[in-house]
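Just so it is clear, the model here is predicted, and its values are computed rather than measured.
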Amino acid sequence: QVQLVEFGGGLVQTGASLRLSCAASGRTFSTSIMGWFRQAPGKEREFVAAISWGGDNTYRADSVKGRFTISRDNAKNTVYLQMNSLKPEDTAVYYCAAAIGFDRYSVRRALSDYLYWGQGTQVTVSS
């Protein structure tokens with residue numbers, strides 16, 4: 001079992017930066033793929049970024065490449081999402097999630113691959 005809690009959301013202006021954190025409890029964090037997803041009002045939840053167990057591999061959605069970076073610190077049971085050059089279209093509730101049962105180099109982007117989810121943190125980017 002993995003419990004996830006997100007931190008770091010807020011209201012910022014276009015072009016600003018934010019860093020989201022997701023603190024995990026449970027023994028399986030270090031062997032979990034960690035992902036970030038987001039859901040804007042009236043839209044489906046979508047993939048943002050994912051990172052493999054040891055951080056060797058990452059994958060980001062095209063919409064955030066060059067602006068967002070995912071990282072993790074297994075010693076702190078925490079995964080991060082550094083968001084730079086924020087745009088109004090980045091406004092959404094951001095969720096972290098954990099996927100288990102994959103090899104250490106895998107990254108996954110499908111929502112259905114993720115078993116555990118946080119409660120979400122709101123990010124609002126004003127124009």
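- Put simply, the side chain of Asn57 gets close to the backbone of Tyr105: a donor and an acceptor are under 3.5 Å apart.
- In this structure, Ser32 and Ala98 approach most closely via the heavy-atom pair CB-CB, 4.2 Å.
- Residues Arg38 and Ser63 come closest through the heavy atom pair NH2-OG, 3.5 Å.
- Under the 6.0 Å cut-off for aromatic ring centres, Phe47 and Phe37 qualify, their centroids lying closer than that.
- For the pair Arg45 and Trp117, the cation sits on the ring face: its NZ or CZ lies under 6.0 Å from the ring centre, inside 45° of the axis.
- Among all heavy-atom pairs drawn from Gly118 and Glu6, the shortest one is CA-OE2, 3.2 Å.
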Checking Thr58 against Val107 for the side-chain contact (heavy atoms from CB on, under 4.5 Å) test, could you report, in this order, the C-alpha distance in whole Å, the side-chain angles of both residues, the deciding distance, and whether it holds? CA-CA 7 Å; Thr58 62; Val107 286; 5.6 Å; no
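- Under the 3.5 Å distance criterion, the side-chain polar atoms of Thr78 are matched with a main-chain donor or acceptor of Lys76.
- Without hydrogens or angle criteria, Thr121 side chain to Gly9 main chain gives a donor-acceptor distance under 3.5 Å.
- Salt bridge Asp90/Lys87: absent, no basic N to carboxylate O contact under 4.0 Å.
- Test Asn84, Leu86, Leu20, Leu18 against Phe68 for side-chain contact (heavy atoms from CB on, under 4.5 Å) and you get one pass: Leu86.
- Tyr114 and Val79 are not part of a single hydrophobic cluster, where members link through side-chain heavy atoms under 4.5 Å apart.
- A cation-pi arrangement is present between Arg72 and Phe29, with the terminal nitrogen or guanidinium carbon under 6.0 Å from the aromatic centre and inside a 45° cone about the axis.
- With hydrophobic clusters built from ILVMFWY side chains whose heavy atoms lie under 4.5 angstrom apart, Leu4 does not share a cluster with Leu111.
- Phe7 approaches Ala23 most closely through the heavy-atom pair CE1-CB, 4.1 Å.
- Asp103 places a side-chain N or O within donor-acceptor distance of the main-chain N or O of Ser106, the cut-off being under 3.5 Å.
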